[in-house]
Each structure stands twice: as C-alpha cells, then as structure tokens.
S.K.: 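Take this structure, written in structure tokens, and hold onto it; I'll ask about it next.
Here is the naming used below: chain letters follow the sequence lines, and residue numbers restart at 1 for every chain.
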Protein chains: 2
Amino acid sequence: MLKAKPRLDRDARREAILDVAQEVFLEEGFAAASMSTIAARLGGSKGTLYNYFASKDELFKAYVERRCLWQQDEVFAVISGETPEEALLRIARSFLTHVLSEITLRNFAVIAAESERTPELGRILYETGPKQGAERLAAFLAGLDAAGALELDGDPLGASQHLLGLLQSPLMKARLLNAIPPITPTQVDSEAARGVRTFLRAFGRR
Amino acid sequence: MLKAKPRLDRDARREAILDVAQEVFLEEGFAAASMSTIAARLGGSKGTLYNYFASKDELFKAYVERRCLWQQDEVFAVISGETPEEALLRIARSFLTHVLSEITLRNFAVIAAESERTPELGRILYETGPKQGAERLAAFLAGLDAAGALELDGDPLGASQHLLGLLQSPLMKARLLNAIPPITPTQVDSEAARGVRTFLRAFGRR
DNA sequence: GTCTATAAAGCGATAGAC
DNA sequence: GTCTATCGCTTTATAGAC
C-alpha cells in the first residue's frame, strides 16, 4: 500500500474550493476575506487550502480566470430569424439581465477594487468580458448594416459601444454603488426598449 | 487662563487628517487601510485620530461626504452664449475629464467595493454624484428642447442619462478595471465628439 | 493528503502620563 | 489635545500528528 488514498478526485476538490472561495470573495471582497473563513466553510482546514493554492493571491487569480471562462458565451446565444428590432431587443434584454445580475455586479466591483494592486486581474476580466462582448455585438450590427437595416457609417464597433452605453447608463452605476435595490425583469425590459429606441433613432435607416 | 491653547485650528487639523485619509483610502481601499498607517503618515498618533473621529467607519464616512461636496459644481460651471452643439461638447469634455480622472475612478471603485457592507456610503456618492449630475444635465437639455434645438419627446432626464451613457461607454469600464492606461486629453476630446454626434443623431432637430 | 495546534505579525481601539 | 504603550482580537502561514 504505497498510497492509501491515492486521489479520489483532486480536480473536483479544487473546484469545490473555488466554489467556496467565490462565495466568500463576493461576500466580503478580497482584503476582508480570510483563508480561515474559506477553510471553515469548505469543511476542511487551512492546511488543505495551502496545499491547493500557494497563497491567497493565487487562489484569487484562479477564481477570476474561472469566472471569465464561464461568462464568455452567456449573452450571445443564438440568433435566428427575427426583424432587426426584435433581435436588438432580445440581445439588449439578455445583455442587461446578465450585466445587472447581482453576482456579475459584485464580481465587477471586487475586481475593480483589486485591479489597482493587481492590474492583471482587471485586464483578464475586461478583455474576456466587455471587450469581447462589444466586438461580437459589432459583428452582428455590421451584418444589419450590410443588409440595409442600419446606417453605421463604417464604424460598427463605435455603434456597438454606444448601444452598450445607452443600455447601461442610468442603472449600472446605481447598482454598483448599491444605491438602488436589485433590478427587476420589468426594469430590464423597460431599459432595453428605451436604449434600443434611442439607438435606432441614431443609427436606424431613415 | 482657562484654555492655554484654546484651539489654534481644530478644523484645519481635521482637514489635514481627511487629506491623509483620502490618500490612504484611495491607495489601499477601505479594508486594507489601517488607522496606524494614516496616523503615521499624518505625523501624529492613533490617539489623535480617535480624538477627531470615533472610529474607522466614521472617518471613512467623513471622507466620502467631503469628496461629494467637492465634485458637486466641478462639471456644470457656467453656460454662456454658445451654439447648442458647442455647449454640449464643452459639457461633455468637462464631464469626461472629471469622471475619467484617476482620483474619481479610484474613489468610485473603493466605495463600490465597500457599499456592499455599508450601503449608506454608496447612496451618498450616487445621489450627490451621478444622480445630481444627470438631473442638472437634464435641466440644461430641457432648455435646448424648449428653444427648439432638440427633440426630447418630453423626457429630458432619459435623454440626459443616454448622453452620459454614450460618453462613458467604452472607456469607463476599461479604466475601472485598470485594463488600459490613463486617459489622455486627446481621447477625451475624441470620445466627447463621438458621443455628442450620436446624441444629436438621435435627439437633434431633423 | 488532511487535520489540530500554534507561531508571528498586524489590526482597531483604549488607558494614562504629560 | 497629544503622545506612548499596550490590550484583546484576528489574520496569514507553518509544524507536526495521523
């Protein structure tokens, strides 16, 4: 018997640790979260934690990377036969639902706060999140432009960024500062419609 | 001699403490900042600190309130005889310069992170910052609408929120996450022009 | 590989001399 | 009012039993 418990599932254990770490980081932020809290909620001990991650920093990095992988394909799911306005409305609602969800907002705030100390974390989140989202939306808008439904004047990325700005404008900051209660689906619908309407006034074919 | 050193300048000392506290809070965030660090950089002692502010929380609140007072009248300075587009461009540049400055961004990130624990802080910042700004801009836009320069369809606040969203869209998140270098005046001009152009396409008189 | 126990350092806050 | 010294507590990180 060389190894009594060889390793039932080291990867699963690692995932479980990241699940708990995500909870605690989102609840308390990076600085306030303690390895003791994470270990206690895990049911394990701090020794175990340090076995999987060399330090609190390494644990935090691993958590950010995993979240970025997750949210990559949440917004742009499938695009079937719809009118341009219907498609824009559906994407707008899906985007707002995701971006104003409590977990996404909290994640953003925590990483923004920590990105001063560790810019790498912020870069990872920005490039796999907002940046990629704007580029994918730009590609979709370019298609509508080519089909004659929009007038983008040759700058689909600019129009994409402006649509995203219109959608987030009043609610994003308010929610990031916890100045208003969580967003309801009704509010999402209303803001999506409002944003798309202004977008079409600016970029729709006259 | 009832009071030997009656009080040379208690208020000035309080201001000096808040100056140092602002530095440390912006550099390290709320949780990581320590009263010892603040006292040391002040040149005084922790005892002095606790003489002026009952707790770390009270010190933080006082700092937030002071910052909110400061930035109230920075953006909407004076509005003289300009064309509507010139006025919008000037306000847009002034707004972007303020909102994308390193100190404003860092302040926003720190308070957003802390507002989960203490929503009152976030509420104070939101209501005296973005909310008031949108309302003042709405009042200005309503004037342009009444003068026949814009077509706001009876919702000046909605148009104001959308203009602010257009201006901040691509750069705000990137800077909050420290994913791009500090904004240059050239970038501010370019984004302001881009945002105002889209805004006028949507709300300008046809 | 996982646990208990503990070391070493730092925290917010207080007490008391001056 | 301001300082020095220190209390009580919590933190990260490690050592050693199993």
S.K.: How would you list, by chain and number, every residue that makes a side-chain contact (heavy atoms from CB on, under 4.5 Å) with A:Thr48, sequence neighbours excluded?
M.R.: A:Arg13, A:Ser45, A:Tyr52

S.K.: Tell me the interatomic distance from B:Ile38, atom CD1, to C:dC11, atom P, rounded to whole angstroms.
M.R.: 11 Å

S.K.: Find the distance A:Leu49:CG to C:dG1:P and express it as a whole number of Å.
M.R.: 14 Å

S.K.: So, using side chain to side chain donor-acceptor pair (under 3.5 Å) as the criterion, who are the partners of A:Thr198 when residues are at least two apart?
M.R.: B:His162

S.K.: Does A:Arg13 put a side-chain nitrogen or oxygen below 4.0 Å from OP1 or OP2 of C:dG1?
M.R.: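 Checking A:Arg13 against C:dG1: no side-chain N or O falls below 4.0 Å of OP1 or OP2.
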
S.K.: Please report the distance, rounded to the nearest Å, between CD in B:Glu58 and P in C:dG12.
M.R.: 15 Å

S.K.: Rounded to the nearest angstrom, tell me the gap between atom CZ in B:Arg10 and atom C1' in D:dG1.
M.R.: 8 Å

S.K.: Classify every nucleotide of nucleotides 13-18 of chain D by which part a protein heavy atom approaches to under 4.0 Å, writing B for the base, S for the sugar-phosphate alone and - for neither, in 5'-to-3' order.
M.R.: BB----

S.K.: Given B:Asp153 and A:Arg201, is the salt bridge (Lys or Arg N to Asp or Glu O under 4.0 Å) satisfied, shown in steps?
M.R.: CA-CA 12 Å; B:Asp153 294 343; A:Arg201 278 175 72 149; 2.5 Å; yes

S.K.: Please work out if A:Ala33 contacts a base, only the sugar-phosphate, or nothing of the nucleic acid, heavy-atom cut-off 4.0 Å.
M.R.: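 Contact class for A:Ala33: sugar-phosphate only.
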
S.K.: Going by the rule salt bridge (Lys or Arg N to Asp or Glu O under 4.0 Å), which residues pair with B:Arg41 if we only count those two or more places apart in sequence or in a different chain?
M.R.: B:Glu23, B:Glu27

S.K.: Write down the distance between CD (B:Glu28) and C1' (C:dC11), rounded to a whole number of angstrom.
M.R.: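 About 13 Å, once rounded to whole Å.
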
S.K.: Restricting to non-hydrogen atoms, name the atom on A:Pro130 and the atom on B:Lys173 that form the minimum distance, rounded to 0.1 Å.
M.R.: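 Of all heavy-atom pairs spanning A:Pro130 and B:Lys173, the closest is CG-CD, 4.0 Å.
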
S.K.: Can you sort out the partners of A:Glu135 under side chain to side chain donor-acceptor pair (under 3.5 Å), two or more places apart, ordered by chain and number?
M.R.: none

S.K.: Side chain of B:Ser34 only, please: which of D:dG1, C:dC11, D:dC3 is the nearest?
M.R.: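 Between D:dG1, C:dC11, D:dC3, the one nearest the side chain of B:Ser34 would be C:dC11.
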
S.K.: Just how far, in rounded Å, is P of C:dA15 from CG of B:Asn51?
M.R.: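 In whole Å, C:dA15 P lies 14 Å from B:Asn51 CG.
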
S.K.: Specify the separation, in whole Å, of atom CG of A:Leu59 and atom C1' of D:dT12.
M.R.: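 A:Leu59 atom CG is separated from D:dT12 atom C1' by 13 Å.
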
S.K.: If the condition is ring-ring contact (aromatic ring centres under 6.0 Å, His included), which residues does A:Tyr63 pass it with, not counting sequence neighbours?
M.R.: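 Per chain and number, A:Tyr63 pairs via ring-ring contact (aromatic ring centres under 6.0 Å, His included) with A:Phe25, A:Phe60.
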
S.K.: Once you round it to whole Å, what is the distance between C1' of C:dA13 and OH of B:Tyr52?
M.R.: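 For the pair B:Tyr52 OH and C:dA13 C1', the rounded distance is 18 Å.
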
